[in-house]
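The structure under discussion appears below in the form of structure tokens.
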There are 4 protein chains.
Amino acid sequence: MARERDEGKRQVILAEAKRLFAQRGFHDTSVQDIVKGIDLPVGSVYTYFNNKDAIIKAAIEEGWSDFHDSLEAACAAEPSAARRMSLILYRFLPLLFKDVDLVSLFLSEGLRFTSLDDKLERLARLIGAVVNDLAKERGLAVSLSPRQAVTALSVFFLGSMDTIRLSRMAGLPLSEKDVLSFIKLIIETAFSINLEPPEEN
Amino acid sequence: MARERDEGKRQVILAEAKRLFAQRGFHDTSVQDIVKGIDLPVGSVYTYFNNKDAIIKAAIEEGWSDFHDSLEAACAAEPSAARRMSLILYRFLPLLFKDVDLVSLFLSEGLRFTSLDDKLERLARLIGAVVNDLAKERGLAVSLSPRQAVTALSVFFLGSMDTIRLSRMAGLPLSEKDVLSFIKLIIETAFSINLEPPEEN
Amino acid sequence: MARERDEGKRQVILAEAKRLFAQRGFHDTSVQDIVKGIDLPVGSVYTYFNNKDAIIKAAIEEGWSDFHDSLEAACAAEPSAARRMSLILYRFLPLLFKDVDLVSLFLSEGLRFTSLDDKLERLARLIGAVVNDLAKERGLAVSLSPRQAVTALSVFFLGSMDTIRLSRMAGLPLSEKDVLSFIKLIIETAFSINLEPPEEN
Amino acid sequence: MARERDEGKRQVILAEAKRLFAQRGFHDTSVQDIVKGIDLPVGSVYTYFNNKDAIIKAAIEEGWSDFHDSLEAACAAEPSAARRMSLILYRFLPLLFKDVDLVSLFLSEGLRFTSLDDKLERLARLIGAVVNDLAKERGLAVSLSPRQAVTALSVFFLGSMDTIRLSRMAGLPLSEKDVLSFIKLIIETAFSINLEPPEEN
DNA sequence: GATGAATGAGCATTCATTCAT
DNA sequence: AATGAATGAATGCTCATTCAT
């Protein structure tokens, strides 16, 4: 009977907050700043979020979930390890790297507001399985201990994201494309394979 | 930038600020917080620094300089590329990784207060030269374009630092040692070389 | 003042508000708090009350009226002054003292929202008459001036209520029973009388 | 070397706060309201008090302490119970009753911010001793149990204060003088004594 | 130079009340 | 009539920086 809670409004707040938090930092963005750009009263923010912390938490958590869940679904649906690797390389990493705001939040404020180890561990398990299966498919012995594998994934993944972030925010003269082709090179070399883009559907 | 009486006092302030900024974040550490722990009056901070920003700037800039300068000096003094690589691997990276507070500041607040691209570019040049020379020494053709080389260095370096940071601050179950032995493995594999610790002097 | 559909709903709101106002204070109880406990929408409060002030006003005014009106009726129906005094002592004061929430509101917020002097004056008149009649019945000269009588009633009445309130809310180690037997003692001494509980009907 | 903490400023804040809290109530007086009247910046309040609660706490606690301590000292210095009673009646109660703001805070907000039972108990002990000694001096058997004595004191004391408060804030047509002469009457009757004002020194 | 009280703009958050649905 | 999201003024409090002492 009364007005309904408007999910669209929540998304507008979340999007604007994410943009500003990534750009200026969490503490240098006031709640007033957030609503100024989207022409909503301050009070509205607190209809949809418990407090300012909850906004950034939601931005990181939901952004990451979206990415991770669709990656997981795509991997589950694809039996070939090589094609799964292609999916990661050609579809999902570009998706993530395009969302520099999310990457920035993840790296700069993520630690303070969400539990990153969960997210990285889940990702490591998923990618680790692809790597393992790919090695089996290619008849290669896996020469990395599990500990080394996690380290490798962490270094590559965080390093890639940080490189993307710095190339956007500082003046690092590298692009998302450079990082992607570097990762491609590493994988292709390691597995003596040639990864083609997956045919779109 | 004040260069007044008591350099010792300046260092005490800088050390405490670095510790707190890394631990709680820049914005969640007040100038009052900094002096509370070291029993100095607030005013004294402004004898040694122009403002709060200048403190974190100095912490990052000077910490990085110390590291970089001594690395540069050591490299300049060592003609053998292999031994230079050993120095980096056995002496300088451990030094840097031990200083988790500096690594944290560099990654989390560095972007906002200092120019990271300078620092990374300088480092890339230095390490790039070592890599190149090592390839030459080992009679290997360098298959990476300069662009790819910078990307590789950036990914490895930032990724390593971020992994160190997260293993300390989040619960990532990896240690500084894991990261170092992973980097060693990569280099030794890439150059078919066995890197021994440099004899101490 | 609304006198709408559902008188039951109004009473539920009033009861919950009274409880919370007495417990936490008027300002530390939001209108949201009131409806939370009784599972009603906020808006409904404004169907039955013009604003938040009107709720506490009603709680005090109606609570006091109920008490006073039935006291008045009982006194009117009882010709004997001694038995009227017994009624007050054994039936009405216990009734009032049991309703600590009302007593608390009366004393702490009453002043701000209702006119206490009216209530006290009306009560003084009523009890004053009982006292006077009792003195006449006992053949005692009344040695108090009317002014002193009002003072005495005010001191005794407010003091009793405050003692009850403090024994409930602070840790005063006294009970409602102590206050009642103290008042009994005073009256019995003053009038050389023995007040028996009125036979119930 | 720097400016000293100014006790005078603290007292100015405290006095203005006490006045406003008593007049309008704690919640209807903002910290801004307090400083407006005394032309100080908001920040200053927080130099002298941790938060708003601490102001009212100090007003009640310190006001009460002042009253109680000087009463205690005067009683300790006076061996005659009758003269101690005179002191209470002619010097200290008038002092307390004159400070209606303190009385108001004590009764209306005291409960929420300080521990009233402590204060009342200490006072009951002190006055109880005077009453006991006076009874002994007059050769009277004390017919009240200790429990009744505390009740009596609590009722009289709180009742007197509340009567004072209501006569000021609501329109109760009684004055401080009425309450004092009523108390005098009670004591003089109870102890068959004539209490003269103590000669001033 | 040393000190730490002073300052006041700015912040996150609340909440009585309204009113579109 | 019923609902509960919407609203924005107002609140208590912080804190980088200044400057009287």
Side-chain angles (χ1 to χ4, degrees), chain A residues 1-7 9-10 26-36 39-55, chain B residues 2 4-6 9 26-36 39-55, chain C residues 2 4-6 9 26-36 39-55, chain D residues 1-7 9-10 13 26-35 39-55:
Chain A
M1 296 228 181
R3 265 164 284 185
E4 297 279 292
R5 236 184 173 85
D6 183 347
E7 176 61 21
K9 215 178 268 187
R10 186 177 180 278
F26 179 73
H27 274 102
D28 292 323
T29 303
S30 73
V31 177
Q32 303 283 353
D33 287 338
I34 297 170
V35 294
K36 208 173 294 161
D39 204 45
L40 278 174
V42 227
S44 278
V45 170
Y46 292 87
T47 302
Y48 295 97
F49 299 93
N50 281 330
N51 49 47
K52 200 187 167 195
D53 283 16
I55 308 175
Chain B
E4 306 296 324
R5 277 295 107 102
D6 194 341
K9 231 180 248 185
F26 180 73
H27 273 103
D28 292 326
T29 303
S30 72
V31 178
Q32 306 281 354
D33 287 339
I34 297 170
V35 294
K36 206 173 296 160
D39 205 44
L40 279 175
V42 228
S44 74
V45 168
Y46 291 85
T47 305
Y48 298 99
F49 300 93
N50 281 329
N51 50 47
K52 198 187 169 193
D53 285 13
I55 309 175
Chain C
E4 305 295 324
R5 279 294 110 100
D6 194 343
K9 231 180 248 186
F26 180 71
H27 273 103
D28 293 326
T29 303
S30 71
V31 178
Q32 306 281 351
D33 287 339
I34 297 170
V35 294
K36 206 174 296 160
D39 206 45
L40 279 176
V42 229
S44 74
V45 169
Y46 290 86
T47 303
Y48 298 99
F49 299 92
N50 282 328
N51 50 45
K52 199 188 169 193
D53 285 14
I55 308 174
Chain D
M1 295 228 184
R3 266 164 284 185
E4 297 279 291
R5 235 182 173 88
D6 183 348
E7 176 61 20
K9 214 177 268 187
R10 185 177 180 279
I13 296 168
F26 179 72
H27 274 103
D28 292 324
T29 303
S30 72
V31 177
Q32 303 283 351
D33 288 339
I34 297 170
V35 294
D39 204 45
L40 278 174
V42 226
S44 278
V45 170
Y46 293 88
T47 302
Y48 295 98
F49 299 93
N50 281 330
N51 48 48
K52 200 188 168 195
D53 284 15
I55 307 176

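Lettering follows sequence order; numbering is per chain, from 1.
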Worksheet item: Would you say a side-chain N or O of D:Lys9 is under 4.0 Å from OP1 or OP2 of E:dA6?
Response: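 The answer is yes; a side-chain N or O of D:Lys9 sits under 4.0 Å from OP1 or OP2.
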
Fill in: Short side-chain N/O contact to E:dG4 OP1/OP2 from D:Arg3, under 4.0 Å
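False: D:Arg3 side-chain N/O out of range (4.0 Å or more) of E:dG4 OP1/OP2.
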
Item to complete: Under the side chain to side chain donor-acceptor pair (under 3.5 Å) rule, collect the residues that match up with B:Asn51, sequence neighbours excluded.
Response: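 For B:Asn51, no residue satisfies side chain to side chain donor-acceptor pair (under 3.5 Å) once neighbours in sequence are set aside.
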
Discussion item. In whole Å, I'd like the distance from the CG atom of D:Asp39 to the P atom of E:dA6.
Written reply: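 Whole-Å distance recorded here is 14 Å.
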
Worksheet item: Nearest-Å distance, CD1 (D:Ile13) to P (E:dT7)?
Response: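 Rounding to the nearest Å, CD1 of D:Ile13 and P of E:dT7 are 10 Å apart.
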
Worksheet item: Does the pair B:Thr29 and B:Ile34 meet the rule for a side chain to side chain contact (heavy atoms under 4.5 Å, CB included), with working shown?
Response: CA-CA 7 Å; B:Thr29 303; B:Ile34 297 170; 3.9 Å; yes

Worksheet item: Where does DNA chain E form stems of at least three consecutive Watson-Crick or G-U wobble pairs, each pair having both distances below 3.5 Å?
Response: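 Runs of three or more consecutive pairs: E:2-21 with F:2-21.
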
Worksheet entry | Protein-to-nucleotide contact annotation, 5' to 3' order, nucleotides 8-17 of chain E [B base; S sugar-phosphate only; - none; under 4.0 Å, heavy atom] | B--SSBB-SB

Discussion item. If you count every heavy atom of other residues, nucleotides or ligands that lies below 6.0 Å from A:Asp53 atom CG, does the total exceed 12?
Written reply: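 Counting other residues, nucleotides and ligands, CG of A:Asp53 exceeds 12 neighbours.
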
Worksheet item: Is atom CG of D:Asp6 surrounded by more than 12 heavy atoms (other residues, nucleotides or ligands) closer than 6.0 Å?
Response: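 Yes, CG of D:Asp6 has more than 12 neighbouring heavy atoms, counting only those of other groups under 6.0 Å.
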
Do [X] side-chain atoms and [Y] backbone N/O form a donor-acceptor pair below 3.5 Å?
| X | Y | value |
| --- | --- | --- |
| A:Lys9 | A:Tyr48 | no |
| D:Lys52 | D:Phe26 | yes |
| D:Arg5 | D:Thr47 | yes |

Item to complete: Kindly indicate whether the side chain of C:Val45, heavy atoms from C-beta on, has any atom under 4.5 Å from the side chain of C:Leu40.
Response: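 Of all side-chain heavy-atom pairs linking C:Leu40 with C:Val45, none is under 4.5 Å.
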
